[in-house]
Amino acid sequence: SSTASPSQDAGTDTSSNTAVRDEIRNVVIIAHVDHGKTTLVDCLLRQSGQYRDAELKGERILDSNDIEKERGITILSKNIAVHYRGVKINLIDTPGHADFGGEVERVVQMADGALVLVDAAEGPMPQTRFVLEKALQAGVKPIVVVNKVDRPDGRPPEALDEALELLADLGGEEQLDSAAYVFASAKEGYATDDPAKPTEDMRPLLDLLVDHLPGPTVDTKSDFQMMVTTLDWSEYVGRIAVGRVNAGTIQTGQAVDVHTIDSSGNPIVRKIKASGLYVFDKLGRVPAESAGAGDLIALEGLDDVEIGDTITAPETGKALPRLKVDEPTLEMV
Ligand code: GDP
């Protein structure tokens, strides 16, 4: 098990109530289907020494959510983490096909940065645009990764230009000015500043993730507060609430208030014990004794918890504004 809480020194401004956790990066991956998200994540896991053969035999990490789909709870966001230069990089998946019930909006709220993965032959596709727009609206900082530079029909400089144009189109000149990018072949396992010059590994991309993206800014003074952004499901414990800790810390087994709404939409508070606490690491959830603001966590034991509920410390906690949960965006299906 592991313990995490905002460091008291790094980035802490004692005159304010916020601090930056520089040892964490929360990053969403935005990619059109087939542009190489699964291959890239496999590669990052392997190279950062987290790859465990037994667990992955014949199975691709980001594709194992069919059970959850069948249960009709939600499309599960598979969160994993890699460690590099003392930083824990949480990689958060975004839906590949359709935006079911505003899921994209919710998922991007967990992140400060985005990997915008673009196929060097195809360039950005409509789904890239849709998810990127939501991410930029949420204030997420992008890194463009032009993947598949090994493709004989690849055109890395043009694909990069198209991705940068898209950034400028969606986010204006300021996005263009601060844009960071790297070329990669997830299949061959390297990233590079120059598509004509392969390197040994993914370090140019990992360096960019650590150096260009910010750590989460967290509230250091308030009690525990977290919004439920996605639901996971287990046969043994039922619904599992997933989200990013907004403020404070939580211990495993702690009593919490669940701020939800009743069937008429009126706010109510349920008092309950969060029986299991997990952070995301390597290939999935790992038990934790405590977690702090900026961490992505999963909480078990909250029964009928809903997306948009706020989980807080007992008595003192306040509900965050509920996330709007839209109807599915049909044009994206
Ligand atoms: P996802 O749908 O975004 O998860 O894409 P996948 O990782 O499943 O990749 C889709 C296809 O593209 C697979 O056949 C991969 O082998 C291939 N692919 C992924 N990365 C690269 C790359 O860097 N170069 C080439 N040539 N093919 C790649």
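Predicted, not measured: the structure shown is a model, and the values here were computed from it. Whatever order the structure lists them in is the order used to number ligands and atoms, beginning at 1. Numbers here are sequence positions counted from 1.
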(message) Out of all atoms in ligand 1, which are within 4.0 Å of some heavy atom of Asn147? Include the element for each.
(response) 20 (N), 21 (C), 23 (O)
(message) Out of all atoms in ligand 1, which are within 4.0 Å of some heavy atom of Arg151? Include the element for each.
(response) 26 (N)
(request) Indicate yes or no: does Arg322 engage Asp309 in a salt bridge with an N to O separation below 4.0 Å. (result) yes
(request) Could you check if a side-chain atom of Arg244 sits within less than 4.5 angstrom of a side-chain atom of Asp112, using non-hydrogen atoms only? (result) yes
(message) Please compare Ile29, Val149, Leu40, Asp150 and report which has the shortest non-hydrogen distance to atom 25 (C) of ligand 1.
(response) Asp150
(message) Heavy atoms only, cut-off 4.0 Å: how does Ala31 contact ligand 1, side chain, backbone, both, or neither?
(response) neither
(request) Would you tell me which option among His35, Lys148, His32 has the nearest heavy-atom contact to atom 28 (C) of ligand 1? (result) Lys148
(message) Taking Phe280's backbone N and O only, do any of them form a donor-acceptor pair with Lys88's side chain (distance below 3.5 Å, no angle check)?
(response) yes
(request) Take Asp304 and Arg270 through the salt bridge (Lys or Arg N to Asp or Glu O under 4.0 Å) test and state the conclusion after the steps. (result) CA-CA 10 Å; Asp304 299 323; Arg270 291 195 294 120; 5.7 Å; no
(request) Provide the number and element of each atom of ligand 1 under 4.0 Å from a heavy atom of Ser185. (result) 23 (O)
(message) If you take the nearest heavy atom of each of Thr39, Val33, Thr38, which one is closest to atom 4 (O) of ligand 1?
(response) Thr38
(message) As an exercise, identify every atom of ligand 1 less than 4.0 angstrom from a heavy atom of Lys37.
(response) 1 (P), 3 (O), 4 (O), 5 (O), 7 (O)
All N/O donor-acceptor pairs, side-chain side in residues 311-320, below 3.5 Å, sequence neighbours left out:
{"from": "Thr312", "atom 1": "OG1", "to": "His259", "atom 2": "NE2", "distance (Å)": "2.9"}
{"from": "Glu315", "atom 1": "OE2", "to": "Lys271", "atom 2": "NZ", "distance (Å)": "3.2"}
{"from": "Thr316", "atom 1": "OG1", "to": "Asp223", "atom 2": "OD2", "distance (Å)": "2.8"}

(message) Using the side-chain contact (heavy atoms from CB on, under 4.5 Å) criterion, which residues pair with Ser263? Sequence neighbours excluded.
(response) none
